[in-house]
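Accompanying notes for the structure given below.
Each chain gets a letter, A, B and so on, in the order the sequences are listed, and its residues count up from 1. Excluded from the calculations below are hydrogen atoms, water molecules and symmetry mates; all remaining heavy atoms, backbone and side chain alike, are included.
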Amino acid sequence: MTNDYLNKLNDSQKEAVLHSDGPLLILAGAGTGKTRVLTSKLAHIINTKQSFPSNILAVTFTNKAAKEMQSRIGNIIGGAVEGMNWLGTFHSIGAKILRYHSELAELRSDFTILDTDDQLKLIKEVIRMEDIDEKKFPPRFFLSFIEGWKNKGLMPNEISAYPIEIFGKGKSTSIYENYQARLQRLNCVDFGDLLLLPLHILKTNDEILNKYQKLFKYILVDEYQDTNTVQYLLLRILSQKNNNIACVGDDDQSIYGWRGADLNNILNFEKDFENARVIRLETNYRSSKNILGAARSLISHNKDRLGKELKSCDDDLGDKVKIRTLWSAEDEANFISEEIENIQHSGKSLNNIAILVRASFQMREFEDKFILKNIPYRVIGGPRFYERQEIRDVIAYLQIALNPDNDIKFERIVNTPKRGIGATTIRLLNDTSKKINTSLYEASKKILETDELKPQTKNQLKNFIKLIEGWNNKIDKIDHVASAALILEESGYINMWENDKSPTSETRIENIKELIGQMSEFSSMTDFLEHVSLVLEIENNDNIDKVSIMTLHSAKGLEFEMVFLPGMEDGVFPNQKSLDEKGNIGLEEERRLAHVGLTRAKNNLVLTNACRRRIFGSWSPSIPSRFLSEISDEFIDQEILYSNQIIENKLYEQLEDTTHKISALDRLQAAGYIVENDYEELQTEVNRITDIGQRVFHIKFGYGIILSIDIDRVEVNFEKAGKKIVLASFLEIVNNE
DNA sequence: TCATTACTCCTTTTT
DNA sequence: GGAGTAATGA
């Protein structure tokens, strides 16, 4: 192996790779060769024998990034990377540590990882025990608190120091405790535990901590801006001895605040790690000057930044960033598909085109249109393979076969396919299991000894228990692929889909076959099940020319010749909920997300917004995203693609029901969408309700009398609902009476 | 027990 | 417009 990799780097990249000991933060903007630096650095450490591969901890956020890094290092140092035992996602590395020391968390080493659905089921159970009204306090709120605590690295007994939410009768703490206890009894962990429990083990066991501190001579971290507190604490505690931690990140691309990512981790790096060196990578090898200029002008509106400027290495400016305004979301999809057809006809590859959306509900419009127009596309991200119903069912069967006491899985499959074991029976099983403190499986056996069930039900349950017993006996003795096939056959599960007439059943069977196919790559059933929730991803390794549709979050790290960003509308992007919940911090994160979107494009970038779109099934008006006006004009080529006739006919109608009429009008006027007299006319419309004492009707509150008026806000004394302040636009004037 | 229907609340983003 | 849930009927 040669030092060839060094020659491919620019000066600051080289500096980052050659920096040997002590903390290092590489601030790498979009498209500045961050992955190249990281992999070269890894290769360099191995190449110069500063460390064995097995003594390097290299963490990424996604499996994709981990795989990518693995193969790139392989390319540099030649052949397979032997001994890179500690390269993986935070979660998979956490799982690995946890499995080695599971007894310290009172788990068996073959614990299973619960997905979000199962988590929710579990929390619901816990809530019911606490006598809390699910309607008033939705279970997922508790779950998000627990997730929040786990993201901060707090065990149930540590949250007293942290302001406890009053939410849910102040029972959040005990719910967290019970939830953990329940997980433990099921020999399960959730995603958060994969980080929290290893941290706890390291914090409370000096010997073990020592071992890992010695083990990891070098620590490399990808996407440092997206680390949350537990991840930060893990990195800190592990790096304390050797102090060789190198993090790559971009504060302008921090987009996982909602998952607990703390931008302060990267902003405070120099304070947190003594004598830290910071190297900036600012030469962008991806995008044209115009695109970079647009991205730069947008992100400059953020305050929380370390500051860095992307410089293009292109000589010419390239095309300007296109902004197109369409009438409706459907028109928007139409426009984009026409653009794509043009590219298609010019003979260019569709693989170079991506449509990046803020939220997945936006994808539908495009899928519909593409199917109609026969434009090949792929959806990236979307529902994870193992989250599909049929896959989860199959896995539940396999887990039950391995461990019949897994209640969550038991409940999932006991009546799938239908065995006539319904809610009533399950309730009885649950009660019994609580009474005699055993699993549902054991409780079923007990009940079968009695006459509590109707003969028919009893018989069905008996058969089911017998099946499980049989599988459980055989599973260690025969090949895991064969036993999976046997289980699916005997349970009648495959049969169920084969007899199913719905259009999806065929794909489901395909998916199950795919899953079984994957199994042979693992050495045993346990091994397979351990990996299934963490790393299993079925790649759509098709080489067919297709347009990619994905969310902005899953687009991070990718690049395309041409990028479309539809739905540039306030409320959609920036997302309303994000603004409501997090205010300016939320807005800045949305802006970073937009920045990620813009910087995915190499040569062509098209932003579109529609004036109307269906939200929750009903038409809602949309105003252009504030991000559009934050991009400097010099980089933009803007056009409105609907006729004046349409404006006159429809804009009025659109504005009439907008909830923020006044501000919407101002915005639209500022954006040049309305001519002066339209504006006045609409103002009059806003002010049409002027009479105090006027009788009015409100769709939700019924009839009432106007008490006072403040521009578009009206105080009404409703006959049934009492005094309320409502928007004028929601009131109908009632004339007679 | 299961199927149908009425009704609610909703939806951001993912390991 | 759709998923999940509660109520209702077969």
Side-chain angles (χ1 to χ4, degrees), chain A residues 59-66 88-95 113-117 119-121 124 134-136 138-140 144 147 150-151 189-196 222-223 226-228 230-231 254-261 329 356-365 368 380-384 386-387 389 414-428 453-454 456-457 460-461 533-537 550-556 567 571-582 586 589-590 592-594 596-597 613-620:
Chain A
V59 248
T60 62
F61 266 79
T62 61
N63 293 304
K64 205 172 69 188
T89 62
F90 269 106
H91 288 87
S92 65
I93 282 170
I113 299 159
L114 241 48
D115 54 47
T116 326
D117 256 38
Q119 282 180 43
L120 209 56
K121 268 186 206 149
K124 276 183 189 166
E134 271 184 48
K135 283 270 156 50
K136 260 189 176 153
R140 58 198 166 73
S144 72
E147 254 165 31
K150 290 188 175 180
N151 284 339
V189 297
D190 63 16
F191 275 113
D193 287 338
L194 293 177
L195 306 171
L196 175 69
D222 193 14
E223 310 276 16
D226 285 329
T227 49
N228 58 30
V230 206
Q231 289 162 336
S254 168
I255 55 175
Y256 284 102
W258 49 275
R259 215 173 65 189
L356 310 181
V357 296
R358 175 61 184 86
S360 29
F361 75 86
Q362 294 170 261
M363 291 181 179
R364 251 194 76 148
E365 200 83 55
D368 288 352
I380 296 178
R384 294 255 164 290
Y386 74 92
E387 277 171 2
Q389 183 197 342
V414 64
N415 204 28
T416 317
K418 299 260 180 298
R419 298 188 174 90
I421 304 171
T424 327
T425 317
I426 290 172
R427 204 171 308 127
L428 175 69
L453 290 171
K454 277 188 241 155
Q456 205 188 345
T457 320
Q460 293 276 28
L461 184 63
S533 48
L534 269 187
V535 292
L536 189 70
E537 228 155 324
M550 69 190 91
T551 63
L552 284 153
H553 282 86
S554 46
K556 194 161 76 159
V572 177
F573 196 16
N575 175 278
Q576 192 58 47
K577 208 159 187 171
S578 183
L579 300 180
D580 291 347
E581 284 168 10
K582 295 256 197 86
E589 178 153 318
E590 293 287 306
R592 290 192 293 270
L593 192 55
V596 167
R613 73 171 61 239
R614 272 187 122 91
I615 293 175
F616 300 147
S618 56
W619 286 101
S620 309

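Between A:L114 atom CG and B:dT15 atom P there is a gap of 17 Å when expressed in whole angstrom units. Taking atom CG of residue A:N415 and atom C1' of nucleotide B:dC2, one finds them 9 Å apart after rounding to whole Å. As rounded to whole Å, 14 Å separates atom P of C:dA3 from atom CG of A:D117. Atom pair A:L195:CG and B:dT14:P shows a separation of 18 Å (rounding to whole Å applied). Between the CZ atom of A:R613 and the P atom of C:dG1 there is a distance of 15 Å, given to the nearest Å. Atom-to-atom, CG of A:L120 to P of C:dT5 comes out at 9 Å; the value is rounded to the nearest Å. Atom CD of A:Q576 and atom P of B:dC10 are 15 Å apart (whole Å). Following rounding to the nearest Å, A:I93 (CD1) and B:dT15 (P) show an atom-to-atom distance of 16 Å.
At the phosphate of B:dT1, OP1 or OP2 sits under 4.0 Å from a side-chain N or O atom of A:T424. Neither OP1 nor OP2 of B:dT14 sits under 4.0 Å from any side-chain N or O of A:N63. For B:dT14, one of the phosphate oxygens OP1 or OP2 lies less than 4.0 angstrom from a side-chain nitrogen or oxygen of A:T551. Contact check, A:T425 against B:dT1: a side-chain N or O comes under 4.0 Å of OP1 or OP2. The side chain of A:T457 contributes no N or O atom lying less than 4.0 Å from OP1 or OP2 of B:dT1.
Using a 4.0 Å cut-off between charged side-chain N and carboxylate O, A:K556 and A:E223 make a salt bridge. Note on A:K150 versus A:E147: no salt bridge recorded, every NZ/NE/NH1/NH2 to OD/OE distance being 4.0 Å or above.
Comparing A:I615 and A:F191 by the nucleotide of DNA chain B whose heavy atom lies nearest to each, the residue mapping closer to the 5' end is A:I615. Nearest-nucleotide positions on DNA chain B for A:E581 and A:R419 put A:R419 closer to the 5' end.
At the heavy-atom level, A:Y256 lies under 4.0 Å from the strands shown only through sugar-phosphate atoms. Within the nucleic acid shown, A:R364 comes within 4.0 Å of sugar-phosphate atoms alone, with no base atom in reach, counting heavy atoms only. Contacts of A:K124 with the nucleic acid, taken as non-hydrogen atoms under 4.0 Å apart, involve only primed sugar atoms and P, OP1 or OP2.
Taken from OG1 in A:T60 to CG in A:D226, the straight-line distance is 11.5 Å, to the nearest 0.5 Å. Rounding to the nearest 0.5 Å gives a distance of 8.5 Å between CG of A:L120 and CZ of A:R140. Note: A:T551 OG1 to A:M363 CE = 5.5 Å, rounded to the nearest 0.5 Å.
Checked against B:dC2, B:dT13, B:dC10, the side chain of A:H553 finds its nearest nucleotide in B:dT13. For A:R259, the listed nucleotide lying nearest its side chain is B:dT15; candidates were B:dT15, B:dC2, B:dC10.
Taking the six-membered ring where tryptophan is involved, the planes of A:W258 and A:H553 are perpendicular, since the angle between them exceeds 60° and thus also 30°.
The aromatic ring of A:W258 sits over the base of B:dT13, with ring centres less than 5.5 Å apart and planes tilted by under 30°.
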